[in-house]
Amino acid sequence: MFEGLSYIELSGKSYPIRCDILVLEKIQEAYGNLDDFESKLMTWEPDKDEEGNKIQDENGDVKYHGKLPDAKALPDALYWMVSEGEAVTAEEEGRKPEVITREGIARKVDLTPIELANQLHDEFYRCFKSKNVKTTQKE
């Protein structure tokens, strides 16, 4: 029924995570804009000049520098994605979903903020890739 789930390892336990339209709706309600939220998960950003233009190197490639992810966005994204992953798993298995709390799942994080942000961003980005092309495209 559903495309395979991604998983995140927290304190020795594997949790399914899923970013789908329901999670995007929560992100938009809380943050107003999906692009703005994505930038809060990013651990790098382009270098810009005084006028806000992206700086390029001699080969024309945009130069980037590292940055820290937003401390509020991390537990929000983790909670929403783990909750949705658990709901999908429970539905597939025909059982009631385990209750996940924002604080409870955040306390299990034993990754660095950058590691966590990168995994959550990967799942966020995966949400926008084409899936299940056979059943959604006309033949």
Side-chain angles (χ1 to χ4, degrees):
M1 177 170 158
F2 295 104
E3 184 178 300
L5 294 170
S6 297
Y7 289 83
I8 190 165
E9 183 92 14
L10 303 172
S11 298
K13 183 176 177 187
S14 184
Y15 294 89
I17 59 172
R18 182 172 181 91
C19 185
D20 58 17
I21 195 74
L22 298 172
V23 173
L24 294 179
E25 180 181 38
K26 291 174 184 172
I27 290 169
Q28 190 165 310
E29 284 175 8
Y31 290 86
N33 182 299
L34 297 176
D35 288 330
D36 290 344
F37 180 79
E38 180 183 24
S39 71
K40 292 177 183 304
L41 294 181
M42 300 295 287
T43 58
W44 49 266
E45 63 187 2
D47 291 339
K48 294 184 179 179
D49 62 21
E50 301 80 32
E51 298 170 2
N53 300 312
K54 294 178 183 175
I55 298 174
Q56 299 177 344
D57 64 17
E58 59 278 352
N59 297 322
D61 296 325
V62 175
K63 295 171 88 178
Y64 293 91
H65 64 273
K67 73 174 189 79
L68 294 175
D70 184 88
K72 182 179 182 324
L74 289 177
D76 284 349
L78 179 64
Y79 170 63
W80 293 326
M81 290 182 195
V82 170
S83 294
E84 185 63 10
E86 172 58 20
V88 168
T89 301
E91 185 175 317
E92 286 179 339
E93 295 174 355
R95 61 173 174 80
K96 289 188 176 188
E98 183 181 316
V99 175
I100 307 288
T101 66
R102 184 180 183 278
E103 293 77 15
I105 199 69
R107 287 186 184 111
K108 293 178 189 234
V109 173
D110 54 354
L111 304 168
T112 69
I114 290 174
E115 291 169 329
L116 179 61
N118 287 336
Q119 288 188 43
L120 295 174
H121 181 263
D122 287 348
E123 180 60 20
F124 177 84
Y125 186 73
R126 185 173 102 118
C127 178
F128 295 96
K129 291 182 180 179
S130 292
K131 302 172 196 74
N132 206 6
V133 177
K134 288 183 181 179
T135 60
T136 59
Q137 302 297 317
K138 292 184 178 182
E139 300 195 19

How long is the gap from CG on Asp20 to CE on Met81, to the nearest 0.5 Å? 9.5 Å
Side chains of Leu10 and Leu78 in contact at under 4.5 Å (non-hydrogen atoms): yes
Answer yes or no: is there a side-chain heavy-atom contact under 4.5 Å between Val23 and Trp80? yes
Under the 3.5 angstrom rule, does the side chain of Asn59 hit a backbone N or O of Asp61 as a donor-acceptor pair? no
Exercise: identify the closest heavy-atom pair between Arg18 and Glu84: O-CB, 3.6 Å
Which distance, rounded to the nearest 0.5 Å, do you find between the CG of Asp110 and the NZ of Lys13? 13.5 Å
On a heavy-atom basis, the closest approach of Leu24 and Cys19 is CD2-SG, 3.9 Å
Which class fits the ring pair Trp44 and Tyr64: parallel under 30°, tilted 30 to 60°, perpendicular over 60°? perpendicular
Give, for atom CD1 of Ile114 and atom CE of Met42, the distance between the pair rounded to the nearest 0.5 Å. 12.5 Å
Are Ile55 and Pro46 packed together at the side-chain level, in the sense that at least one heavy-atom pair is separated by less than 4.5 angstrom? no
Check whether any side-chain heavy atom of Ile27 lies under 4.5 Å from a side-chain heavy atom of Asn33, and answer yes or no. no
Any non-hydrogen side-chain atom of Pro113 less than 4.5 Å from a side-chain atom of Leu74? yes
Same apolar cluster: Tyr125 and Tyr7, side chain cutoff 4.5 Å: no
Decide if atom NZ of Lys54 counts as having more than 12 heavy atoms of other residues, nucleotides or ligands within a radius under 6.0 Å. no
Separation of Glu9 CD from Leu111 CG (nearest 0.5 Å): 9.0 Å
For Arg95 and Glu93 the tightest heavy-atom approach is NE-OE1, 2.7 Å
Let me confirm one number: the CD-CG distance from Gln56 to Asp49, rounded to the nearest 0.5 Å. 10.5 Å
With the side chain counted from C-beta on, respond yes when His65 and Glu45 share a heavy-atom pair under 4.5 Å apart, and no when they do not. yes
4.5 Å side-chain heavy-atom contact, Leu116 and Ile8: yes
Neighbour count >12 (heavy atoms, 6.0 Å) for atom CZ, Arg107: no
Does a salt bridge link Glu123 with Arg126, judged by any charged N lying under 4.0 Å from a carboxylate O? yes
Once you round to the nearest 0.5 Å, how far does CG of Leu68 lie from NZ of Lys40? 13.5 Å
Check the orientation of Phe124 and Phe128. Use parallel for under 30°, tilted for 30 to 60°, and perpendicular for over 60°. perpendicular
Smallest separation among heavy atoms of Pro75 and Ala106, with atom names: CB-CB, 4.2 Å
Can you find a heavy atom in the side chain of Pro16 that is under 4.5 Å from one in the side chain of Val88? no
